[in-house]
Amino acid sequence: MSDEKTADEKTADEKTADQTTEATDTPAPAPAGDGSGLYLVDGSGFIFRAFHALPMLNRPDGTPVNAVLGFSNMLLKLLADLKASAVAVVFDSKRLNFRNDFYPDYKAHRPEPPEELKPQFALIREATEAFCLPCLELEGYEADDLIATYARLAVEAGREVTIVSSDKDMMQLVRPGVRMLDPLKNKPIGPDEVFEKFGVAPDKVVDVQALAGDSVDNVPGVPGIGVKTAAQLITEYGDLESLLARAGEIKQPARRQKLIDYAEQARISRRLVLLDDHAPPPKPLEELRVREPDHQKLIDFLKAQGFRTIVGRVEAEMRKDGTIADGAGASPAPAPTTATPTPAPAGEARSRPAPPTDVEKRYELVQDLGALAAWVERARATGILAVDTETDSLTPATATLVGISLATEPGLACYIPLAHKAAGAAAAGELSFDTAEAPPQIPVADVMAALKDVLEDPSVLKIGHNFKFDHQLFARHGVRVAPVDDSMLISYVLEGGAHGHGMDELAELHLAYRPISYAEVCGTGKAKITFDRVPLDKALAYAAEDADITLRLWRVLKPRLVDDRMVTVYETLERPLVPVIADMESCGIRVDRAALARLSQDLAIRLAEIETEVHKLANRSFNIGSPKQLGEILFDELKLGTGKKGKTGAYSTDSSVLEELAEQGHTIAQRVLDWRQLAKLKSTYTDALQAQIVEGTERVHTAFAMAVTNTGRLSSTDPNLQNIPVRTEEGRKIRRAFVAAPGHKLISVDYSQIELRLVAEMANIAALKQAFQDGIDIHAATASQVFGVPLDQMTSEIRRKAKAINFGIIYGISGFGLGRQLGIMPGEANAFIKAYFERFHELKVWMEATKAFARQHGHVVTLFGRRCYIPGIHEKNAARRAFAERQATNAPIQGTAADIMKRAMARVPAALKDAGFDDVRMLLQVHDELLFEVPEAKAEAAAKLVREVMEGAATLGVPLVAEAGIGDNWDEAH
DNA sequence: TAAATCACG
DNA sequence: GACGTACGTGATTTAT
């Protein structure tokens, strides 16, 4: 098991896994090695994508060459992997092609290529020549058409075709004998990936595109229909023509009319996206055969571009082939043993490090103290040390440290095994544990003793990826690592909300590199082994690479903090929390196991009782937990109303539906609601939680994800301790199982109304700010101002409405949503909103300005400068765009509240220490609440101190107020 | 693996 | 004028 599988990264890994059906190191299985395979490289497509994906990079003479380097690397890898296949590179010829004859606007809105890209077009053609590969281009045709044509010809000739491109417009060509390969991600694209993208099989892709259109290519499609709707329609009607012919049958009136009105436009769109596979081939297919490379020509070209490292690779390749003499002996580069760091291969890297594919890997297995000392020397010399730990569990509080990897410069890394056992024995089952010997390893204590000085040395920066995890392991071995940088947090600060921040995802994004996956090393499912069973050679390759990648990511990302003015956000809101949250996780919170067990039993009995009653009311037995069965019982058999069906055609049975039925007097609905509540409490809380209690300490250790949310909040997993019940009495029984250790108390301190205060502050709403300054009941105050009711005549009903509106404002209000919340007509709710905006006119101004900012920049900003990316802000689909706009207005509010809480958390430990409260432990953060465990005698004083720190965490035009509670359990303290 | 549901702020 | 509606999370369950 590895540290990078913590919550933050797990999410990212899973995202990546979702997009990748198979993780292959080599790109897709090569076709038969008879030389009949054909690779068609989309040269025009590649250059644009590589240009934007790869860091900028200049030749010594200043010519930009990042896309050329990417292209050369891609071809080298392709040729190395696929010796027995023919490769041809296809280019667009001119801007205009036959499509413009019948649709002049085709690709009309496409902007001029950037200046840095223009000179690279010619260079890419030169590169193709240098590789001795045929260039295919034809006036009046796009590269796509030529690829379609050659793909057809090749398949007819019985050859296997691989299209090297990620362009979705080419996905229509996928079929038996033809597949695609994403050159940057090195990921195969087959029918499954096409389906994932378009929701239909490849042969229906053009029909979907005809309906959905494409803003980039200016293909009109049918307005109001996106890929998802299009896929659904095509699946239902078979193809575009059948759909258009039967358009009258469509139920949704608007959609029906659109399809009728825009039928012709859809047909034109289909012709635009349909590739012409009968273009006149500029070269006969037979000429596309495997060719002998001219190494000297290639080397000359690469040298001219300043690509020193890949020149080295080509030369190494030639030595292997015996093409040139090899004086020094071409053994794989041994790990360096000198303390002098080899200079980084800086050839093509001027402002940014080169992609790691260009850097030789020199990884060393460290099994004696002498070798380890050399690495400590190296770290002192460079002042930089990337660190990564491997463990046998996801919970750092209980995990065994299995190994440590270090990197001091790109490509130079080592792995120090600490607790490896006989390799593979457990999984293979062939060797017995007793006979197989563990490999030689330095004792953990010796390694820690050797590393402690450098890890705590203020002049050596330690770099990790999700270092919070590693920090805990070192702390458990008596080492407080500092100072620290975290590449995951840097990425989060730079591009939070734009993508995940797991190491694998970032390596692909910034380094165009796919690291060895954890699954490759440890397997999955039943064959999964813990990291201590991984053979040392594989462990070295994986673990050293992790430290190496971490260092490389840091070199790419860290300078961008300055460029993007995010240094302060990173240094005040994120980096200081690494040790703070690490200590919270390590400490954990005490849970009363017996109390949970009693609750479980109690719930089981009551659930059984309700189940019997519900079955009786339904006249038969069924699974209450199955929404499907429940819907059928309620609406088909008992006919309690007509029932609402969702997208999947199933009846909705959520609590709002059941509550409505219960109000109509249907006992069964109320009983099901009761059952649901208790079943939730039992399965999620009383049962699951017991299993997470660490035996002996009786404490539970959650993991706080620092780089997951779009707004800067933390999240909590394994278990989630940020959603422990509180709103119902039944739920609070669970909260009472969270207790203080003997002789201790729990303190809960929470911000009062922080988000609404921030609305007043950020939108600068005079009347609302005044109300907060006066310290009056804010919901009553807004009710008074919006509805014109004097405060002394306020009713709870009017106040309730104002409270709901206040919440709605924070969420990005809509009449529909507010109406549903309050159980009133949307029209009436709209009138409330209108009144609110009239009374607090500054709010409307702020919301519009915030949305405009999001449209202009693609992100919004919190009061403390944190960026929240809003990817959907330019959505064509109105509903999705409206969603993005609500995100845009909510994120600065929620995000600023998160910032303020982080500022408080960063200050609390020092404040406690200064006051002599060394034994007060911060346990949990629940967005606007902090929970502490403290010796009984100090509870009052500590609570006061924490309140002061939290209230002083920001100085605003409205006061920040924090309230504290003390108790023996969490419910009492809250 | 996805969808439905529901716990929290 | 239609669209689909509160914002942010994570865990469990059933169904596919």
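Residue numbers begin at 1 in each chain, while the letters A, B, ... track the order of the sequences. Just so it is clear, the model here is predicted, and its values are computed rather than measured.
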Review point. Closest to the A:Asp654 side chain: B:dC6, C:dG8, C:dA11?
Key: B:dC6
Exercise for review: With heavy atoms under 4.0 Å as the rule, sort A:Asn720 into base, sugar-phosphate or nothing.
Suggested key: sugar-phosphate
Review point. With sugar-phosphate meaning primed atoms plus P, OP1 and OP2, does A:Ser683 contact a base, only sugar-phosphate, or nothing at under 4.0 Å between heavy atoms?
Key: sugar-phosphate
Review point. Atom CZ of A:Arg886 to atom C1' of C:dC7: distance rounded to whole Å?
Key: 9 Å
Study note, to complete from the structure: Answer for the Watson-Crick or wobble partner of C:dC3, both distances under 3.5 Å, is none
Practice item. Give the nucleotide from the list B:dA4, C:dG10, C:dA2 with an atom nearest to the side chain of A:Ala878. Key: C:dA2
Check your understanding: Whole Å only: how far is the CZ atom of A:Arg881 from the P atom of C:dG1?
Key -> 17 Å
Review point. Do A:Tyr492 and A:Met706 have side-chain heavy atoms sitting under 4.5 Å apart?
Key: no
Check your understanding: What is the distance from CD of A:Gln677 to P of B:dA4, rounded to the nearest Å?
Key -> 23 Å
Practice item. Give one of base, sugar-phosphate or nothing for A:Glu929, where a contact means two heavy atoms less than 4.0 Å apart. Key: nothing
Study note, to complete from the structure: When rounded to whole Å, the OH to C1' distance for the pair A:Tyr685 and C:dT12 reads 10 Å
Check your understanding: When you measure from the side chain of A:Arg727, which nucleotide among C:dA6, C:dC7, B:dC8 comes out closest?
Key -> B:dC8
**Study point:** Base C:dT14 to side chain A:Ser626, donor-acceptor N/O within 3.5 Å cut-off
**Key:** no
Check your understanding: In terms of side-chain geometry, is the basic nitrogen of A:Glu729 or A:Arg736 positioned less than 4.0 Å from the acidic oxygen of its partner?
Key -> yes
Check your understanding: On DNA chain C, nearest-nucleotide positions of A:Pro719 versus A:Gly812: which is more 5'?
Key -> A:Gly812
**Study point:** Any side-chain heavy-atom pair of A:Ile873 and A:Glu885 under 4.5 Å
**Key:** yes
Exercise for review: Check the distance between B:dC8's C1' and A:Met901's CE and give it to me in whole angstrom.
Suggested key: 14 Å
**Study point:** Rounded distance [0.5 Å steps], CD in A:Glu660 versus NE2 in A:His666
**Key:** 10.0 Å
**Study point:** C:dG4 and B:dC8, which share atom name C1', separated by this distance in whole Å
**Key:** 25 Å
Check your understanding: When you measure from the side chain of A:Ser715, which nucleotide among C:dT9, C:dA6, C:dA15 comes out closest?
Key -> C:dT9
Check your understanding: If you look at every strand shown and take non-hydrogen atoms under 4.0 Å, does A:Asn877 touch a base, only sugar-phosphate, or nothing?
Key -> nothing
Review point. Under 4.0 angstrom, heavy atoms only, what part of the nucleic acid is A:Ala897 near: base, sugar-phosphate, or nothing?
Key: nothing
Review point. Do A:Asn969 and A:Arg735 come close enough that some side-chain heavy atom pair is under 4.5 Å?
Key: no
**Study point:** Spacing of the C1' atoms in B:dA7 and C:dT5 (rounded, Å)
**Key:** 22 Å
Check your understanding: In whole Å, what separates the P atom of B:dT5 from that of C:dC3?
Key -> 23 Å
Revision key, fill the gap. Taken to the nearest whole Å, OH/A:Tyr811 to P/B:dC8 is 13 Å
Check your understanding: When the distance from CG of A:Leu681 to P of C:dA11 is rounded to whole Å, what number comes out?
Key -> 17 Å
Exercise for review: Could you check whether A:Gly625 gets within reach of a base, just the sugar-phosphate, or nothing at all, counting any heavy atom under 4.0 Å?
Suggested key: sugar-phosphate
Review point. Base, sugar-phosphate, or nothing for A:Ala804, non-hydrogen atoms under 4.0 angstrom?
Key: base
Exercise for review: Give one of base, sugar-phosphate or nothing for A:Leu721, where a contact means two heavy atoms less than 4.0 Å apart.
Suggested key: nothing
Review point. Reckon A:Thr889 touches a base, only the sugar-phosphate, or nothing at all at heavy-atom distances under 4.0 Å?
Key: nothing
Point to revise | Side chain of A:Ser814 - closest among C:dA11, C:dG8, C:dT5 | key: C:dT5
Check your understanding: Does the distance from a Lys or Arg side-chain N to an Asp or Glu carboxylate O, for A:Arg620 and A:Glu632, drop under 4.0 Å?
Key -> no
Exercise for review: Please state how far atom CD in A:Glu963 lies from atom C1' in B:dG9, giving the value in whole angstrom units.
Suggested key: 15 Å
Review point. Ring centres of A:Phe840 and A:Tyr836 under 6.0 Å apart?
Key: yes
Check your understanding: Per the atom types in the model, does the base of B:dG9 pair as donor or acceptor with the side chain of A:Arg713 at under 3.5 Å?
Key -> yes
Point to revise | Closest to side chain of A:Lys628, choosing from C:dA15, C:dG4, C:dA11 | key: C:dA15
